[in-house]
Amino acid sequence: MERYNHRDAEPRWQKVWDEHNCFSAKEDHTLDKYYVLEMFPYPSGRIHIGHVRNYTLGDVIARYKRAKGFNVLHPMGWDAFGMPAENAAMERKVHPATWTYENIAAMRAQLQSMGFSLDWSREFATCDASYYRHQQAMFIDFLEAGLVERRLSKVNWDPVDQTVLANEQVIDGRGWRSGALVEQRELTQWFFKITDYAQDLLEALDGLDRWPEKVRLMQQNWIGRSEGLHMVWQLIDVPDNISQSTIDLYTTRHDTIFGASFCAMAADHPLAKQLAEDNPELTAFIQECQRTGTSEEAIERAEKKGFDTGIKARHPFDENLEVPLYVANFVLMDYGTGAIFGCPAHDQRDLDFARKYGLNVLPVVIPDNETASTYYVGDEAYLGPGSLGNSQFLDGMSVDEAKSCVADRMEAISLNGTSQGHRTVNYRLRDWGVSRQRYWGCPIPVIHCEKCGTIPVDKSELPIKLPEDIAFDKPGNPLDRHETWLATTCHQCGGPARRETDTMDTFVDSSWYFLRFCSPHEEEVPTDLDAVNYWMGVDQYIGGIEHAILHLLYSRFFTRAMRKTGHTTTDEPFEGLFTQGMVTHETYRHDGAWLSPEEVTIVSTEDTRTAVRADTGEAVQIGSIEKMSKSKRNTIDPDDIIELYGADTARLFMLSDSPPERDIIWTEAGIEGAHRFVQRIWRLVNEAAAVMAPRADAPQLELEGPSSELRRASHRMLDAVSSGIESLRYNTAVAQIYEYSNTLAAALRAQGNGTDPAWASAVREGVEFLIQAIGPMMPHLAEECWSVIGHDSLLAETPWPSCEPALLVDDQVVIPVQVNGKRRDEIKIAKGAAKEDVEAAALGADGIQRAIGDKEVRKIIVVPDRIVNVVVS
RNA sequence: GCGACCGUGGUGGAAUUGGUAUACACAACAGACUUAAAAUCUGUCGACGCAAGUCAUGCGGGUUCAAGUCCCGCCGGUCGCACCA
């Protein structure tokens, strides 16, 4: 028998599937649908192993659901805008569009060589004008619905690249590309008002019961709801040139209000800025605050610093209590009101600050084992529960009682005619700044007209296409310098106007592509409501955990915004979410330089494992196992694996052993093991084909008799594989298949060339089940085997077989018997046997008799069909 | 610092969700076939013990007839957030 030749079989079956149009989703909206989607790739040039894992995980469920009779939508596209294309343009003098579309072509071919069951007829790239024109139309819809705003905002500005950087692109205070010190700048930016949906996005997390708990928690923390009190304090000794006589404070610890010993506002608080105008010292302090980096380290090391403004703030419940107002470096302008009262005894930052400036530290929440008069707070603020003390009318209350009492009183008393406080809810979530000063993104469809102001373009002018003739010879946004593109006419007044040169954050592109897949060729509007109604939401979405917040939260917001503007009918885009682990590999170093796996030979002996350079034989240091990355040079090229071992082997390796949510370590031994199993299945099927019942014969399947044991194993395997796939526990499904192939091989060996027609039928059934079970995982091998056993039809078009329930249950069960919780023997007994019979059988077993000896039996616990425990004293 | 998750053989991992701990695989070892190697097949494989058995799921307690699984406290690791008042 010839070895299975993947080089021949894989392209052949891919062609057949393509010719039969096996994987295009049907436009029949009366069928049960299943929408499975993996996060679409950025066309960086080549697919990497992480893609192979991602799309394999999705393809298994797609092929399985198709076999189960669902109308499956499994599309693919390209998240094609972004910085790398511009970097390539600058480095290699190639147009971003050329670079991107060439990469797409190369990567499409790679994905096709993996045999993924994708509906390529729905493919698009987000940089296609036919896609982004609809994004522009929706931007205008959002603007009209009040979901978009243009306002001044602080941004990270890279002075060398002359662009805004996202927080993630600022490393240790420097631009990730240029290495230049990042400046804080105020720029007019476009924002999506995601904060309008903060409460809804938070509450709806509860309904996402097929999302990982971890991701829901991360989003919950990111949204960061806190319930607090907004209040107004009177200011005293305000300089004459300042009109402000009160300050707005925000707190969540209003119970500690009698412990307040100072107030503090952010360095960029409007009052601080006003005061700084004629105060050089304060100006210098504010500048110092702004210089402090935003990196984690900088914040951790930064000392609490303040500047006493000389102004006093009057305590709302105690006219005689006046506390100093500081400008402080640890107060954030963009949270709450940008100003706080400090209660040092019960907040660590306030305590550090108070100790530095010699401010009063008065404990007001007294732990149960302390008394108010003697309780001393040292260098650690007390954050725990207790009863109020040193707090006038609050004394004796719990923290919660005191909070609600303070809130009631503040709401009741008035200052200058309005209530001095009100309960309020704050979120950490910020509005989504979508402006990017880049060329390779979706142009924001807005013009600036001297007469009419900043207005959206008329929808009839869409798409606002990117100009093609651009140069990347200078840093910054080339759109700013493209005069013929910039100059336009205002559609309202007919006067001259200039185009907006900001383009949209690429996260906008990926926030609705899953909706576009439902009707990718719709020209008039972004989505066909009929199609969206039928296909959405995505039943199973699969991607990396790194998108737990940004992409997944933006998409949830965008879907809501699209619903509000009439482009879809549901709020939640992804009903099921699965976050897969990374693919990792060992790292190798020699003389400080990283070496790729091909440059290294591993030398293994019985108990050592070392590495040498493949070319020179010099010793190589084996480093830690890390995520595959170009910088560590520990990547594996999927093309090499497909060529050497085949797509099915690569797919099997991705599915076996490690649970999909966990990181998987790529090893040569592992991929070879997977390849051996591919060959083993091939041999097994061919051997079985020689002895099993021919296809033409009427099957002579029996529920009892000699062949039923094999049949039980077959049906149990199929059942276990089905549930393993449905719950995405692919590693256990693969283990079932391994185990079954051992069983089937042993059965063939035992029976020899038996001629019992019932047995031959059972073998045929078992082989067919085996092929069906591997179908979603190793589709080419399965298709080849399917034809070997005499089928003319395609496995890809064959329904999933159903199990015979009678074969899934045994009429006899083996149950372990314990004595005092330790297993001593086991008994074989009829399933569902009466308790008394089970007890009798258990007590009769040799091992049990021996273990009991002369001790007294006190109790026998029988868990039906499970276990027996004999308790002796 | 706060929050979440995880610690099971030499290795990846399984365990019906409180009911036979270590399925399946990798590695290793022994054997068969072969002139030889590869491939393939067979067997062994948590520790100690000749055995009966004893001990083993990071460590220490607890609940229970029964704990890898539940509770409390440590230790170690991974991830997320982080001056959010």
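Naming: A, B, ... by sequence-line order, numbering from 1 per chain. These numbers come from the heavy atoms of this one structure, side chains and all, not from hydrogens, waters or symmetry mates.
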Inter- and intrachain pairs under side chain to side chain donor-acceptor pair (under 3.5 Å), touching residues 815-829 of chain A, at least two apart: A/R823-A/E826

Select base, sugar-phosphate, or nothing to describe what A/R866 touches, counting heavy atoms under 4.0 Å on all strands. base

Is a donor on one side and an acceptor on the other found under 3.5 Å between the side chain of A/T246 and the backbone of A/W233? no

By nearest-heavy-atom nucleotide on RNA chain B, the more 5' of A/D334 and A/A735 is A/A735

Interatomic distance, A/I867 CD1 vs B/G19 C1' [rounded to whole Å]: 4 Å

Is the phosphate of B/G19 approached by A/R823 (side-chain N or O, under 4.0 Å from OP1 or OP2)? no

Quote, to the nearest angstrom, the P distance that separates B/G12 from B/U17. 26 Å

Determine: side-chain N/O of A/S226 to OP1/OP2 of B/A85, distance under 4.0 Å, yes or no. yes

Residues in side-chain contact (heavy atoms from CB on, under 4.5 Å) with A/A841, at least two apart? A/I827, A/I829

Could you state the CD-C1' distance from A/E668 to B/U11, rounded to the nearest angstrom? 17 Å

With respect to A/M231, which candidate in A/M410, A/Q420, A/H422 satisfies the side chain to side chain contact (heavy atoms under 4.5 Å, CB included) definition? A/M410

How should the glycosidic conformation of B/U17 be described, syn or anti, under the criterion that syn lies within 90° of 0? syn

Separation of B/C84 P from A/L332 CG (nearest whole Å): 7 Å

Do any side-chain nitrogens or oxygens of A/Y335 fall under 4.0 Å of OP1 or OP2 in B/A85? yes

Rounded C1' spacing from B/A4 to B/U40 in Å: 48 Å

Going by side-chain contact (heavy atoms from CB on, under 4.5 Å), name the residues that satisfy it together with A/K835, two or more places apart in sequence or in a different chain. A/E839, A/V862

Does B/A25 have OP1 or OP2 under 4.0 Å away from a side-chain N or O of A/N742? yes

Determine: side-chain N/O of A/K304 to OP1/OP2 of B/A85, distance under 4.0 Å, yes or no. no

Of the candidate nucleotides B/U42, B/U40, B/A82, which contains the atom at the shortest distance from the side chain of A/R683? B/U40

Looking at A/R349, I'd like to know whether one of its side-chain N or O atoms comes within less than 4.0 Å of OP1 or OP2 on B/G1. no

Could you pull out all residues at least two apart from A/H547 that satisfy side-chain contact (heavy atoms from CB on, under 4.5 Å)? A/M39, A/H551

Under a cut-off of 3.5 Å for both distances of each Watson-Crick or G-U pair, what dot-bracket string does RNA chain B give, using [ ] for crossing pairs and | for inter-strand pairs? (((((((..(((......[....))).(((((.......))))).(((....)))..(((((..]....))))))))))))....

Full working for salt bridge (Lys or Arg N to Asp or Glu O under 4.0 Å) between A/E227 and A/R225: CA-CA 7 Å; A/E227 290 175 18; A/R225 180 191 158 99; 2.8 Å; yes

Measure NE2/A/H269 against C1'/B/A85 and give the value in whole Å, please. 14 Å

Sort and list the pairs that fulfil ring-ring contact (aromatic ring centres under 6.0 Å, His included) and have at least one residue in residues 713-734 of chain A, not counting sequence neighbours. A/H715-A/F769

For a quick check of understanding: with a heavy-atom distance under 4.0 Å over all strands, which category does A/Y250 fall into, base, sugar-phosphate or nothing? base

Please measure how far the P atom in B/A36 lies from the corresponding atom in B/A23, and state the result in whole Å. 35 Å

Should A/R824 be listed as having a side-chain N or O under 4.0 Å from OP1 or OP2 of B/U54? yes

Contact class for A/S656 vs. all strands (heavy atom < 4.0 Å): base, sugar-phosphate, or nothing? nothing

More 5' along RNA chain B: A/R430 or A/G673, using each one's nearest nucleotide? A/G673

B/A15 and B/G53, which share atom name P, separated by this distance in whole Å: 29 Å

For B/C26 and B/C41, measure between their P atoms and round to the nearest Å. 10 Å

What nucleic acid atoms does A/R858 come within less than 4.0 Å of, heavy atoms only: base, sugar-phosphate, or nothing? nothing

In whole angstroms, the gap separating C1' of B/A25 from CD1 of A/I671 amounts to 14 Å

Is the backbone of A/I194 close enough, under 3.5 Å, to the side chain of A/D431 for a donor and an acceptor to pair up by distance? yes

Can a side-chain donor-acceptor contact be found between A/T649 and A/H675 if the only test is distance below 3.5 angstrom? yes

Side-chain contact check for A/V331: nearest option of B/A15, B/A85, B/C83 is B/A85

Tabulated below should be each protein N or O lying under 3.5 Å from an N or O of nucleotides 61-69 of chain B; please produce it.
unit_1, atom_1, unit_2, atom_2, d
B/C65, O2', A/N869, ND2, 3.0
B/C65, O2, A/N869, ND2, 2.7

With sequence neighbours left out, write down each residue that passes salt bridge (Lys or Arg N to Asp or Glu O under 4.0 Å) with A/R430, or none if nothing qualifies. A/D334

Residues two or more places apart in sequence or in another chain: which of them pass side-chain contact (heavy atoms from CB on, under 4.5 Å) with A/D663? A/M582, A/T584

Atom pairs under 3.5 Å, N or O on each side, protein against nucleotides 3-9 of chain B: can you list them with distances?
none

Can you figure out which of B/A85, B/U20, B/U16 approaches the side chain of A/E826 most closely? B/U20

Please state the C1' separation for the pair B/C74 and B/G80 - nearest whole angstrom. 24 Å

Calculate the interatomic distance between A/E672 atom CD and B/G12 atom P; express it in whole Å. 19 Å

Residue pairs meeting ring-ring contact (aromatic ring centres under 6.0 Å, His included), one or both in residues 853-873 of chain A, sequence neighbours left out, come to none

C1'-based separation of B/U57 from B/G46 [nearest Å]: 11 Å

Exercise: do A/Q580 and A/R662 side chains pair donor with acceptor under 3.5 Å: no

Using the C1' atom as the reference point in each nucleotide, state the distance between B/A67 and B/G61 in Å, no decimals. 14 Å

It should be established whether A/R676 places a side-chain nitrogen or oxygen under 4.0 Å from OP1 or OP2 of nucleotide B/C41. no

Tell me if B/G9 is syn or anti. Syn = glycosidic torsion within 90° of 0, anti otherwise. syn

Any salt bridge (charged side-chain N to carboxylate O under 4.0 Å, His left out) involving residues 337-350 of chain A? Give me the pairs, sequence neighbours left out, ordered by first then second residue. A/D347-A/R349

